Amino acid sequence: MKKIIIASDHGAVALKSEIIFFFKANKFEVNDMGVDSEDSVDYPDIALLACNEFKKGGYDFGILLCGTGIGISITANKIKGIRCALIHDLFTAEMAKAHNDANFIAFGGRVKYNVPVTQMIEKFMSTEFAGGRHLRRVEKMMAVEESTQSNSFRWDI
Ligand code: RB5
């Protein structure tokens, strides 16, 4: 059974429910890491929470949501090992898997999309990573992360 992790800030609570409904209807296991209220929270906290859980293993991919998808995807991409793609249509949903082998995809709860978010998710899930030259590029992307990230960052200070 496929297992997905999902998390949102206050800007996409309704979209998160819609996505979870879709996954449950399709018999996916979903780990919903919140939030469920429109009380203001900080999207970097949500990204960190979900990405750290994802890195424990056992998930096929993750979905991150905020008002635009921008802040939460930028944050996720600062976390080692995460490749979070901000999706806005069926083409970018397909390319995020085929070319970038994204392990997270992001959407915005306040964005007006031309296709339902669940269709973009289906497109991402039904696409295979193309490998070949794209694998070389993904490996280079991760090498950039390795060479530029320091482990000395302290979140708690
Ligand atoms: C929160 O108001 C909003 O800034 C956040 O959800 C997101 O859109 C940031 O990128």
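We're numbering straight along the sequence, starting at 1. Ligands are counted one by one from 1 in listed order, and the atoms in each one are counted from 1 as well. Scope of the values below: all heavy atoms of this structure, side chains included, with no hydrogens, waters or symmetry mates. Not measured: the values here are computed from a predicted model.
- Looking at Asp9 next to ligand 1, an N or O pair under 3.5 Å apart turns up.
- Residue Gly67 approaches ligand 1 through these ligand atoms, each under 4.0 Å from one of its heavy atoms: 5 (C), 6 (O), 7 (C), 8 (O).
- Between the side chain of Asn103 and the backbone N or O of Phe61 there is no donor-acceptor pair closer than 3.5 Å.
- Counting heavy atoms closer than 4.0 Å to ligand 1, residue Thr68 contributes atoms from both its backbone and its side chain.
- Annotation: atom 4 (O) of ligand 1 to nearest protein heavy atom, Tyr43 CE2, 4.3 Å.
- The distance from ligand 1 to the heavy atoms of Gly71 drops below 4.0 Å at these ligand atoms: 9 (C), 10 (O).
- The neighbour count for Glu38 CD, taken as heavy atoms of other residues, nucleotides or ligands under 6.0 Å away, does not exceed 12.
- Phe104 has its side chain out of reach of Ile79: every pair of non-hydrogen atoms, C-beta onward, lies at least 4.5 Å apart.
- Ion pair Lys56/Glu53 flagged as a salt bridge, since at least one NZ, NE, NH1 or NH2 atom sits closer than 4.0 Å to an Asp/Glu carboxylate oxygen.
- Taking the ring centre of Phe28 as origin, the terminal cationic atom of Lys2 falls outside the region bounded by 6.0 Å and 45° from the ring axis.
- Put simply, the side chain of Tyr113 gets close to the backbone of Gly108: a donor and an acceptor are under 3.5 Å apart.
- Listed by atom number, the atoms of ligand 1 under 4.0 Å from Arg110 heavy atoms are 1 (C), 2 (O), 3 (C).
- With ligand atoms numbered from 1 in the order given, ligand 1 contributes 6 (O), 7 (C), 8 (O), 9 (C), 10 (O) to contacts under 4.0 Å with heavy atoms of Cys66.
- Short contacts between ligand 1 and His10, defined as distances under 4.0 Å to a heavy atom of the residue, involve ligand atoms 1 (C), 2 (O).
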